[in-house]
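We name chains A, B, ... by the order of the sequence lines, and we start the count at 1 in each one. Just so you know, these numbers come straight off a predicted model, no measurement behind them.
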Amino acid sequence: MNAKENVIASLAAALGTELPAAQIAELLEVPKSSTLGDYAFPTFSLAKIRRQAPPLIAQSLVDVIDQTGYEKVVATGAYVNFFLDKSTFAQDILATILTEGQHYGDSDLGAGGNVPIDMSSPNIAKPMSMGHLRSTVIGNSLAKIYSKIGYHPYKINYLGDWGTQFGKLIVAYHKWGSEAEIKADPIGNLLKYYVRFHKEAETDPKLDDEGRLWFKKLEDGDPEATHLWEWFRGLSLAEFNKIYQRLGVEFDSDNGEAYYNDKMDPVVQELTDKHLLQASQGAQIVDLTDEGLTPALIKRSDGATLYITRDLAAAIDRYHKFHFAKSLYVVGSEQTEHFKQLKAVLEKMGHTWAQDIVHVPFGLITKDGKKLSTRKGNVVLLDQVLDEAVDLAKAQIASKNPDLKNADQVAHQVGVGAVIFHDLKNDRLDSFDFSLQEVVRFEGETGPYVQYTNARAQSILRKAATNVDLTTDKLVLTDPKAWDVLKYLADFPNMITRAATEYEPSVIAKFALRLAKAFNKYYANSKILVADDELNARLALVSAVSQVLQAALDLLGVQAPAEM
RNA sequence: GGCGCAGUAGCUCAGCAGGAUAGAGCAACGGUCUUCUAAACCGUAGGUCGUGGGUUCGAGUCUCACCUGCGUCACCA
């Protein structure tokens with residue numbers, strides 16, 4: 001029985017039949033300030049039943065509650081405040097964390113269910129921007145979180161390697177490109193052509209028609225179009241892989257949109273058989289007005305497919321492959337409508353599993369208040385941001401810890417960690433304006449702050465040079481300054497499940513910050529390495545903190561150097 | 001205009017399922033390294049929680065309206 005259950009049981013015993021345990025659990029809260037206690041029970045709702053003033057009720061409850069096992073139980077105003085027994089709590093939580101090791105916080109909520117995660121999805125022939133970073137790191141973190149609670153995640157890089165844009169790119173390459181240029185700087189020059197295409201298309205709408213024509217050719221298997229497409233795709237993928245390597249992200253599949261090119265006919269056929277498809281203005285659509293949605297365009301008037309056609313094929317394919325418990329799509333919030341359409345069409349087709357499709361949207365990154373647009377050339381290149389961050393980390397190490405051995409490796413871990421953490425610490429849906437200064441910051445609520453905290457803990461453990469004794473009576477820690485740290489440590493499993501149910505890595509990031517801050521405070525006020533009765537318990541605390549910080553960082557996809 | 005997301009300190013944001021005096025970080029100012037890494041810690045200052053109703057014993061939190069910003073609304077993804 002954990003601490004919270006104990007408190008509920010105590011209240012239930014005192015209240016008898018007045019309130020069921022489930023309702024007590026619902027009312028029970030954690031006070032904002034730990035000076036008020038560890039758990040608090042508000043008596044307002046009892047005031048109605050008993051027709052008594054809340055403070056009186058609180059006091060009368062305190063009078064009948066059995067106080068054994070608690071430090072104290074007191075009435076403060078309308079609340080019954082429970083103070084847990086510090087040494088028992090410390091013994092329990094430290095022993096649990098240190099015995100369970102890296103499995104602390106694991107659970108079996110997922111029961112082995114498959115969870116394909118659609119993530120990253122950069123577009124071929126375009127550089128990776130900060131927008132792709134979000135999808136990549138959120139998806140990667142969710143995969144780790146879901147794995148920890150017993151699911152089998154399956155990371156899919158749904159590459160944007162198909163669509164009208166390739167027709168446009170081929171036209172642009174024919175008009176202004178050269179093989180030599182592309183070999184020199186593949187993505188840079190492909191992007192240059194693409195930007196120019198859109199600029200010229202503004203005054204020459206015929207270009208768009210040509211682009212659509214070439215995409216149709218590509219879909220029909222035209223050899224020249226196919227050859228160019230393969231070439232562009234291969235070059236792009238090689239560049240992307242360099243970035244994924246820097247980020248430490250690996251995929252289980254690179255099946256992009258093109259992979260579904262030959263899997264769309266059956267879908268269109270199924271839609272036809274089920275009488276869902278109808279002609280409208282020359283195009284083939286599924287009407288969704290009864291869902292309050294705009295129609296889903298399945299085929300263009302020239303017969304070419306669209307994004308949603310491919311996504312339908314992909315969704316069905318993933319279902320057949322995985323029989324997923326959930327199917328996640330980590331895609332920007334501007335595509336919310338698209339996923340509503342996707343689910344609605346699948347439901348109309350009779351696929352009840354459509355309800356397990358979850359769009360995990362995230363907010364837009366802007367630059368100077370404007371949306372990033374590859375077409376308009378308004379981009380923030382991910383590679384450059386990472387370079388900048390790593391350089392800064394190098395400079396920082398040179399001035400703070402010049403003797404550090406593997407300085408380059410640590411600079412990489414810290415710089416990249418800062419960028420990833422920055423992207424994950426706020427609510428997914430928050431939009432933010434890109435600021436390099438903000439992203440590469442190492443002080444305050446940042447990834448490096450958490451990493452640094454762990455490095456300090458590791459440093460103490462190295463200096464102590466003894467193993468922590470896990471015998472429970474050696475884990476008595478009465479120092480009140482350690483209390484907040486202990487409570488946060490105990491909170492980690494809850495944070496993991498909350499992050500999972502909300503699809504929200506920021507829950508973990510914020511938790512890591514809270515724990516790091518509490519530990520730094522403790523560190524600044526208590527001397528750890530002194531030979532007294534509680535030395536072993538303090539080392540256990542330091543060890544547990546380091547272990548949980550590392551676990552939290554790992555769930556975010558951020559590395560934790562032992563020294564920095 | 002319809003739908004969606006958001007509006008909390010100068011800036012960036014927390015505030016979990018409504019609850020006890022609204023919290024951090026950055027920036028500003030002032031302290032703390034002969035002692036476990038000062039990428040840290042402590043303090044000072046800074047707020048009509050967009051506006052107005054409603055529900056409730058109690059609203060930053062729920063609800064409605066309005067204002068503001070962003071996204072989106074068929075042949076892009």
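B:rC3 and B:rU48 have their C1' atoms separated by 32 Å, given to the nearest Å. Comparing the same atom, P, in B:rA38 and in B:rA20 gives a spacing of 36 Å after rounding to whole Å. Rounded to whole Å, the P atom of B:rA40 lies 7 Å from the corresponding atom of B:rC26. Taking the P atom of each, B:rA6 and B:rU63 are spaced 11 Å apart, rounded to whole Å. One P atom belongs to B:rA22, the other to B:rG47, and the distance between them is 13 Å to the nearest Å. When the P atom is used for both B:rU68 and B:rU55, the distance is 28 Å, rounded to whole Å. Rounded to whole Å, the separation between the P atoms of B:rC16 and B:rC33 comes to 39 Å. Here, B:rC29 and B:rC36 have their C1' atoms 30 Å apart, quoted to the whole Å.
Mapping A:A40 and A:S333 onto RNA chain B via the closest heavy atom, the residue that lands nearer the 5' end is A:A40. Nearer the 5' end of RNA chain B, as judged by each residue's closest nucleotide, is the contact made by A:M564, out of A:M564 and A:E257.
In this structure, the ring of A:F492 has its center less than 6.0 angstrom from the ring center of A:F511. A ring-centre distance under 6.0 Å is not found for A:H338 and A:Y329.
The pairing partner recorded for B:rU55 is none, the criterion being a Watson-Crick or G-U wobble arrangement whose two distances lie under 3.5 angstrom. Judged by Watson-Crick or G-U wobble contacts below 3.5 Å, the nucleotide B:rA40 has B:rU32 as its partner. Judged by Watson-Crick or G-U wobble contacts below 3.5 Å, the nucleotide B:rU48 has no partner. Using the Watson-Crick or G-U wobble rule with both distances under 3.5 Å, B:rU12 pairs with B:rA24. With both pairing distances under 3.5 Å, B:rG4 is matched to B:rC70 as a Watson-Crick or G-U wobble pair.
Distances were taken from every side-chain heavy atom of A:P448 (C-beta onward) to each of B:rC70, B:rC36, B:rA39; the shortest belongs to B:rA39. You'll find that the side chain of A:T76 is closest to B:rA20, out of B:rA20, B:rU37, B:rC57. Distance from the side chain of A:Q281 is smallest to B:rC75 among B:rC75, B:rA77, B:rC36. Of the candidates B:rA74, B:rA39, B:rC73, B:rA74 carries the atom nearest the A:L297 side chain, counting heavy atoms from C-beta on.
A side-chain donor-acceptor contact under 3.5 Å links A:Q550 and A:S546.
The residues A:D302 and A:K216 are annotated as not salt-bridged, no charged nitrogen and carboxylate oxygen being separated by less than 4.0 angstrom. Under a 4.0 Å N-O distance rule, the pair A:D427/A:K510 qualifies as a salt bridge. A salt bridge does not link A:K521 to A:D484: none of the charged side-chain nitrogens sits closer than 4.0 Å to a carboxylate oxygen. A salt bridge does not link A:R428 with A:E502: none of the charged nitrogens is closer than 4.0 Å to a carboxylate oxygen. With salt bridges taken as basic N to acidic carboxylate O contacts below 4.0 Å, one links A:E18 and A:R50. Using a cutoff of 4.0 Å between basic side-chain nitrogens and carboxylate oxygens, A:K206 and A:D209 are not scored as salt-bridged.
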Polar atoms only, N or O, under 3.5 Å: list the protein pairs with nucleotides 14-18 of chain B and their distances.
residue: B:rA14; atom: OP1; partner: A:D430; partner atom: OD2; Å: 2.5

Hey, what are the protein-to-nucleotides 26-34 of chain B N/O distances that come in under 3.5 Å?
residue: B:rC26; atom: O2'; partner: A:R441; partner atom: NH1; Å: 3.4
residue: B:rC26; atom: O2'; partner: A:R441; partner atom: NH2; Å: 3.1

Report all interatomic pairs (protein N or O, nucleotide N or O of nucleotides 41-46 of chain B) with separations under 3.5 Å.
residue: B:rC41; atom: OP1; partner: A:Y449; partner atom: OH; Å: 2.7

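Contacts of A:V440 classified as side-chain contact (heavy atoms from CB on, under 4.5 Å), with partners at least two apart in sequence or in another chain: A:A389, A:L392, A:L436.
Listed pair A:R212 / B:rC76 meets the phosphate criterion, a side-chain N or O lying under 4.0 Å from OP1 or OP2. Close to B:rC75, at under 4.0 Å from its OP1 or OP2, lies no side-chain N or O of A:S301. Listed pair A:R300 / B:rC76 meets the phosphate criterion, a side-chain N or O lying under 4.0 Å from OP1 or OP2. Listed pair A:S431 / B:rC70 fails the phosphate criterion, with no side-chain N or O lying under 4.0 Å from OP1 or OP2. In this structure, A:K400 does not reach the B:rU37 phosphate: none of its side-chain N or O atoms is under 4.0 Å from OP1 or OP2. At B:rU37, one or more side-chain N or O atoms of A:K463 fall inside 4.0 Å of OP1 or OP2 (strictly under the cut-off).
Within the structure, ring-ring contact (aromatic ring centres under 6.0 Å, His included) pairs that include any residue of residues 438-463 of chain A do not occur (at least two apart or interchain).
Here A:N401 contributes atom CG and A:D403 contributes atom CG; the two are 6.5 Å apart, rounded to the nearest 0.5 Å.
A heavy-atom distance below 4.0 Å to RNA chain B is reached by these residues of residues 303-315 of chain A, ordered by number: A:L306, A:Y307, A:R310.
Anti is the glycosidic conformation of B:rC16, whose angle departs from 0 by more than 90°.
Applying the 3.5 Å distance criterion, the base of B:rA74 shares a donor-acceptor pair with the side chain of A:S280.
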